[in-house]
Amino acid sequence: MSSIQASRGTRDILPDEVGYWQRVEAIARDILTRAAYREIRTPIFEQTTLFERGVGEATDVVSKEMYTFQDRGDRSLTLRPEGTAGVARSYIDHNLSAQGGVQRLWYVGAMFRYERPQAGRQRQFHQLGVEVLGSADFRADAEAIALATEILQTLGLKDLRLDLNSIGDSSDRQKYREALVAYLTPFKEELDADSQDRLTRNPLRILDSKDPRTQTILDQAPGILDYLSPDSQRRFDRVQQLLSDLGIACNVNSRLVRGLDYYTHTVFEIQSDDLGAQATVCAGGRYDGLVAELGGAETPAVGWAMGLERLILLLQQIQPATPSPVDFYIVSRGEKAESQALTLAQSLRRSGFITELDLSGSAFGKQFKRADRSDAVACLILGDTEAETKTVQLKWLRSGEQTAIEQTALLEMVDKLRQQIFRLRDD
RNA sequence: GCGAGCGUAGCCAAGUGGUUAAGGCAGUGGUUUGUGGUACCACCAUCCGGGGGUUCGAGUCCCCUCGUUCGCCCCA
C-alpha cells in the first residue's frame, strides 16, 4: 500500500471504541480519588539511564525492548517502557517526600516497548498504575491490591485470578538464589535452553519457565517461601490476612517472580483465561529499593500497573460498545433559518443537551434521514416559516408527534425537556 | 529475535490459472427539493497489502517485502 499507515505495533483508537477507554479511566479515577490517590503526569521520555538503573540492565525490557534515541543535543533518551521509574524519578526530583507522609499517586498513559506485536501486546500500549511511596506498612500492599481488584470488579470483569507471592528482601533472595542454583545445576543439561542461560544470569526467572520438563524439575526445587526471614515471613502473612479480611481471594504461587529488578517482598499478578498468551491484566508489588537506587532517600514503596488494551479486550467480550447519544438533531433550510438553528444549538448545548446540527445544507428529506440515523430523541425543524415567526417545530422521533413552539419558550422549558428525553431514552 | 497461519471495497465475504472481480451490511443519489424510519431503483474495487518473477494469460503459482494473527521469548 502506498498510503501511510499506523506504524507497526501501534493502533488508532477510533470513536466507536473510545467509550471503553473513557469508561475505564472514569471508573479508575473515581475509585482512586476516593482512596485519596492523586494523579501524576510525568514525561513520555526520560534519560536512558533512568530505566537502565531503575528497571535493571539485565532485564529483557531494558536490554532489548527500549525505544532509545539520541536527541539533537546528543543526549540518550528513551521512550518510557513502564511508569514506575518515571514516577520515582519525579518523586526524588521534586523532593515529594519533603511534603511529609505517604505519597499516593496514580497515572495513566502510553508506554513503549519494542516487541513483536501480538493480541494484547503492542509497541505503544497504555498502562494505568498506582504508586504508594513512603510507606512500609503492609496495609499499603493490601490497599493497593484491593484498589486494583475494586477497579476490575466495578468494570464488571469476572473470572480473574489473583496470584500472590513474596520474594523477600535482597538477603532472603540471595540465599534462595544460591539454593536454587545448587539444586538446578545437576539438572542443567535437562533444562530448556533459555533456562540454562538464565541459570547464571537470572536464576529466579527459571521459575516461570513454561517448558514442561523444566517445570517437572522445578517440582522438587526449594521454594522461596522457605527462605524468607522471620520479618519477611510476617509481612507476607499479614498481607494475606488483610486480603482475606477484605474478602479478596488469592492463591499463593511461590513460582511467581517478576521481570523487573526493583521488586521486593510482595509481588502479585492478576490474570485472565480469556486473553490467550498475554494473560496478565495487572501486576505489581513492593519495591523498597528503587528510590534509593535512583539516588533518593531509602523509601519503601508499592505499586502496580494495568494494561489497558488487555483490559478493554476483556470488556469488549462482555459488553457491547456504547453508542454516543444525541438529544436534539436540528434540521434547517434557508439562510435565516440556518443561522437561527446555530444559535438555538448553542443555547441548547449550554443547557446541557447533546445537540447535533445538520450542516449538509441538503433537502429536508435528507436531513431527516440523517436525524433518524443519529438516533436522536427529538428533532428540531427550522424553515422559512419558523424563521419568520421565531418558532421551531419540535418532533419526537420515536412517536412522530410534532408541535410548533416559540424558540424562547423552548429554551424556557429545558427542565421539562430533560425529563422527557430521559424517559424516552430509557425505553 | 525465532516458528506457523493469514492479507480481496469502510466492514463481512465469494473466488481453487482463462473474457468486463459474486453477494451482504454500511455509504451516496433518486422515486419524495417542508418531514425520517419501510419499499423499490441506481451508483459505490481500472483492481485483489506492496514489489518482482513464472506463464500466451495470475487475485489464484513462486520469491522478496510490509502488515496482522497465533505460539515461543518477554510482559501490562
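The chains referred to below are lettered A, B, ... by the order of the sequence lines, with proteins before strands, and numbering in each begins at 1.
- If you take CD of Glu356(A) and P of G36(B), they are 18 Å apart, rounded to a whole angstrom.
- Nucleic acid contact for Gly129(A): none, since no nucleic acid atom lies under 4.0 Å from a heavy atom of the residue.
- Remark: C1' of C2(B) and NZ of Lys64(A) are 11 Å apart, rounded to the nearest angstrom.
- Taking a pair to require two hydrogen-bonding distances under 3.5 Å in either a Watson-Crick or a G-U wobble arrangement, A14(B) remains unpaired.
- Under 4.0 angstrom from either OP1 or OP2 of G71(B) there lies at least one side-chain N or O belonging to Gln118(A).
- Within 4.0 Å (heavy atoms only), Ala283(A) reaches sugar-phosphate atoms of the nucleic acid but no base atom.
- Note on Gln271(A): nothing from the nucleic acid sits closer than 4.0 angstrom, heavy atoms only.
- Geometrically, Lys369(A) does not engage Phe364(A) in a cation-pi contact defined by less than 6.0 Å to the ring centre and at most 45° from the axis.
- For Arg255(A) and Asp219(A), the salt-bridge test passes: some basic side-chain N is under 4.0 Å from an acidic carboxylate O.
- Taking the P atom of each, U46(B) and G53(B) are spaced 23 Å apart, rounded to whole Å.
- A 3.5 Å limit on both hydrogen-bonding distances identifies C70(B) as the Watson-Crick or G-U partner of G3(B).
- Between C73(B) and U16(B), the two C1' atoms lie 37 Å apart (nearest whole Å).
- Summarising the geometry, the separation between CD1 on Ile151(A) and P on A76(B) is reported as 17 Å, rounded to the nearest angstrom.
- Among the atoms of the strands shown, only primed sugar atoms or phosphate atoms (P, OP1, OP2) are found under 4.0 Å from some heavy atom of Glu65(A).
- When distances run from any side-chain atom of Asp60(A) to the nucleotides A76(B), G34(B), C73(B), the shortest one goes to C73(B).
- Backbone-only contact: Gly9(A) has heavy atoms under 4.0 Å from sugar-phosphate atoms and none from a base.
- Residue Leu128(A) is out of contact with every strand shown, counting any heavy-atom pair closer than 4.0 Å.
- When both pairing distances are held under 3.5 Å, G34(B) makes no Watson-Crick or G-U pair with any nucleotide shown.
- Look at CZ on Phe268(A): it is 14 Å from C1' on C75(B), rounded to the nearest Å.
- With rounding to whole Å, Ile270(A) atom CD1 is found 18 Å from C75(B) atom P.
- Looking at Gln367(A), its side chain has no donor and acceptor atom pair within 3.5 Å of the base of U35(B).
- Relative to the side chain of Arg258(A), the nucleotides A76(B), U68(B), G34(B) differ in distance, and A76(B) lies closest.
- Picking from G30(B), A76(B), C72(B) the nucleotide with the shortest atom distance to the side chain of Lys366(A) gives G30(B).
- Contact annotation: side chain of Glu386(A) to base of G34(B), donor-acceptor pair present below 3.5 Å.
- Of all nucleotides listed (G34(B), G1(B), U28(B)), U28(B) comes nearest to the side chain of Arg370(A).
- Phosphate proximity of U68(B) to Arg8(A): present, with a side-chain N or O under 4.0 Å from OP1 or OP2.
- Nearest-nucleotide mapping onto RNA chain B: of Arg373(A) and Gly276(A), the residue sitting toward the 5' end is Arg373(A).
- Heavy-atom distances to RNA chain B give each of Glu269(A) and Leu275(A) a nearest nucleotide, and the one nearer the 5′ end belongs to Leu275(A).
- Here Arg161(A) pairs with Asp273(A) in a salt bridge; the nearest charged N to carboxylate O distance falls below 4.0 Å.
- Rounded to a whole angstrom, the distance from the C1' atom of A21(B) to that of A9(B) is 11 Å.
- The base of G37(B) does not come close enough to the side chain of Lys369(A) for any donor and acceptor atom to sit less than 3.5 Å apart.
- Comparing the P positions of G23(B) and C61(B) gives an interatomic distance of 24 Å, to the nearest angstrom.
- Rounded to a whole Å, the CG atom of Leu394(A) is 18 Å from the P atom of U35(B).
- Between Phe364(A) and U35(B), no base-stacking contact is recorded for ring centres under 5.5 Å apart and planes less than 30° from parallel.
- Between the base of C70(B) and the side chain of Arg116(A) there is no donor-acceptor pair shorter than 3.5 Å.
- Side-chain atoms of Arg349(A) and Gln346(A) form no donor-acceptor pair, as typed in the model, at a separation below 3.5 Å.
- Annotation: cation-pi geometry not satisfied between Arg123(A) and Tyr67(A) (NZ/CZ under 6.0 angstrom from ring centroid, within 45° of ring axis).
- Atom CZ of Arg205(A) is separated from atom P of C73(B) by 10 Å (rounded to the nearest Å).
- For the P atoms, the distance from U54(B) to A14(B) is 31 Å, rounded to whole Å.
- G59(B) and G51(B) are spaced 16 Å apart, taking the C1' atom of each and rounding to whole Å.
- A 3.5 Å limit on both hydrogen-bonding distances identifies no Watson-Crick or G-U partner for A9(B).
- Geometrically, Arg113(A) does not engage Phe125(A) in a cation-pi contact, judged by NZ or CZ lying under 6.0 Å from the ring centre and within 45° of the ring axis.
- U20(B) and G24(B) have their P atoms separated by 22 Å, with the value rounded to a whole Å.
- Within 4.0 Å (heavy atoms only), Thr385(A) reaches at least one base atom of the nucleic acid.
- Remark: Asp327(A) engages Arg425(A) in a salt bridge, criterion side-chain N to carboxylate O under 4.0 Å.
- When the nucleotides A76(B), G71(B), C70(B) are ranked by their closest atom to the side chain of Ala277(A), G71(B) comes out on top.
- Side-chain nitrogen and oxygen atoms of Arg121(A) include none within less than 4.0 Å of the OP1 or OP2 phosphate oxygen of C75(B).
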| Working for salt bridge (charged side-chain N to carboxylate O under 4.0 Å, His left out), residues Arg213(A) and Asp192(A) | CA-CA 8 Å; Arg213(A) 247 180 98 161; Asp192(A) 60 281; over 6 Å; no
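- C75(B) makes up no base pair with any nucleotide shown, lacking Watson-Crick or G-U wobble contacts both under 3.5 Å.
- With P as the reference atom, U69(B) and U32(B) are 49 Å apart, rounded to whole Å.
- Counting to the nearest Å, the P atom of C72(B) and the CD atom of Gln215(A) are 13 Å from each other.
- Under a 4.0 Å N-O distance rule, the pair Asp197(A)/Arg201(A) qualifies as a salt bridge.
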